[in-house]
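Worth knowing before you read on, the calculation uses all heavy atoms, side chains too, and leaves out hydrogens, waters and symmetry mates.
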Amino acid sequence: MELIDKKQEILNFTLPSSPSEDKPYTRVLLQLFGYAGHGKSAFVNSCFYTLRTEEYQMHANTGSSDNIITTDRKAYKLTDTITIVDNRGFGKMGKNEEVIAYAQLGHFLPLDKKVEWTEDFVQIMSQVEDSDLTPNYTDFLVPIFVYSMKIQMPKEQVEEVQKFFMNCRDMTGVFPIVVLTNKLKKCGNNLEEAFRNAGAEVVIAIENYTSEDHIKTRGRCADIQEVICNALKDVQFRLEQPRDPMEERLKRKKILLKFAYESVVEELKSKAKEHEYERLKALADKSWFKRFPYGK
Ligand SMILES: Nc1nc2c(ncn2[C@@H]2O[C@H](COP(=O)(O)OP(=O)(O)O)[C@@H](O)[C@H]2O)c(=O)[nH]1
Ligand SMILES: [Mg+2]
């Protein structure tokens with residue numbers, strides 16, 4: 001009865017309350033990332049459907065038209081302990097998108113609010129600063145990267161994904177769990193190998209449940225539950241190590257600020273005239289480090 005056990009394991013999973021720790025983990029946040037249209041929202045719905053006995057429901061809206069693409073950073077409470085976050089997906093990972101992705105990953109942008117794809121750094125960073133008012137130390141962040149097997153990964157994405165994975169590890173202490181969707185429409189290339197080469201430790205192929213096709217089968221449920229169980233294994237592993245929640249958050253913030261700084265410089269490089277670049281960069285550095293003293 002392994003499948004039933006896995007389901008029960010997920011439903012019953014609680015975080016130990018340790019009286020010696022003043023900020024123990026109280027929630028597991030499964031943080032979904034990936035390019036738009038690869039099945040993040042469908043994965044949210046699939047998780048609910050496999051864990052509950054109710055009919056298939058669209059908790060998260062799926063689809064590819066503009067009005068359905070997820071723009072909120074929306075949180076869905078899967079169990080009392082586990083919440084799944086459908087982060088705003090990225091289109092083409094430009095520098096700004098990268099900063100926003102890391103701000104979501106590091107949990108510096110609020111849940112259930114629209115994530116603006118803004119060109120304006122001051123606006124992004126001021127949202128990040130706002131998060132200091134109610135800093136979160138009690139969520140355990142597990143990044144999950146969703147990619148569709150229908151799609152051939154373009155060469156330029158391989159490097160992008162590799163970099164994102166390393167940064168996920170540095171920010172959260174966990175390599176993203178890779179969820180390959182559209183298992184039944186797999187195209188020729190070996191995505192699993194590509195993701196393993198990018199550093200992924202766990203790669204799981206699934207077929208999402210959708211409004212068109214949600215016949216519950218054993219294997220389909222088992223694959224989806226396997227993803228959640230692996231996230232819980234990451235939590236258990238982490239709980240065995242000593243931790244300093246404040247230090248961890250600060251580390252995440254420093255990494256984020258480093259990215260933000262790099263994108264400011266990159267933008268300047270692309271816009272400033274060559275002979276002006278050094279002078280303008282020195283000015284930008286001065287104001288940046290005045291504002292964010294530990295940003296480098
Ligand atoms: N058949 C099938 N369709 C899927 C699968 N995953 C996602 N889809 C469909 O692909 C489209 C985009 O998925 P969505 O979850 O909105 O992608 P998101 O932008 O990453 O949130 C939707 O129409 C989904 O129903 C899958 O595993 N199998
Ligand atoms: Mg979506």
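Residues passing the salt bridge (Lys or Arg N to Asp or Glu O under 4.0 Å) test with Asp80, sequence neighbours excluded: Lys77. With sequence neighbours left out, the side-chain contact (heavy atoms from CB on, under 4.5 Å) criterion links Thr210 to Glu212, Asp213. For the salt bridge (Lys or Arg N to Asp or Glu O under 4.0 Å) test, residues two or more places apart in sequence or in another chain that qualify with Arg249 are Asp132. With sequence neighbours excluded, the residues satisfying side-chain contact (heavy atoms from CB on, under 4.5 Å) with Pro16 are Leu239. Listed by chain and residue number, nothing satisfies the side-chain hydrogen bond (donor to acceptor under 3.5 Å, both in side chains) test with Gln162 (two or more places apart in sequence, or in another chain). A search for ring pair (Phe, Tyr, Trp, His ring centres under 6.0 Å) contacts involving Phe43 returns nothing, not counting sequence neighbours. Taking the salt bridge (Lys or Arg N to Asp or Glu O under 4.0 Å) definition, one finds that Glu192 meets it with Arg196, sequence neighbours left out. For Asp139, the salt bridge (Lys or Arg N to Asp or Glu O under 4.0 Å) partners at least two apart in sequence or on another chain are Arg27. Scored by the side-chain contact (heavy atoms from CB on, under 4.5 Å) test, Glu274 finds no partners at all (sequence neighbours excluded). Partners of Glu159 by side-chain contact (heavy atoms from CB on, under 4.5 Å), not counting sequence neighbours: none found.
Every pair passing side chain to side chain donor-acceptor pair (under 3.5 Å) that includes a residue from residues 168-182 is listed here, sequence neighbours excluded: Ser148-Asn182.
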Residues 228-235 side chain polar contacts: donor-acceptor under 3.5 Å, at least two apart:
from, atom 1, to, atom 2, distance (Å)
Asn230, ND2, Glu226, O, 3.0
Asn230, ND2, Glu226, OE2, 3.3

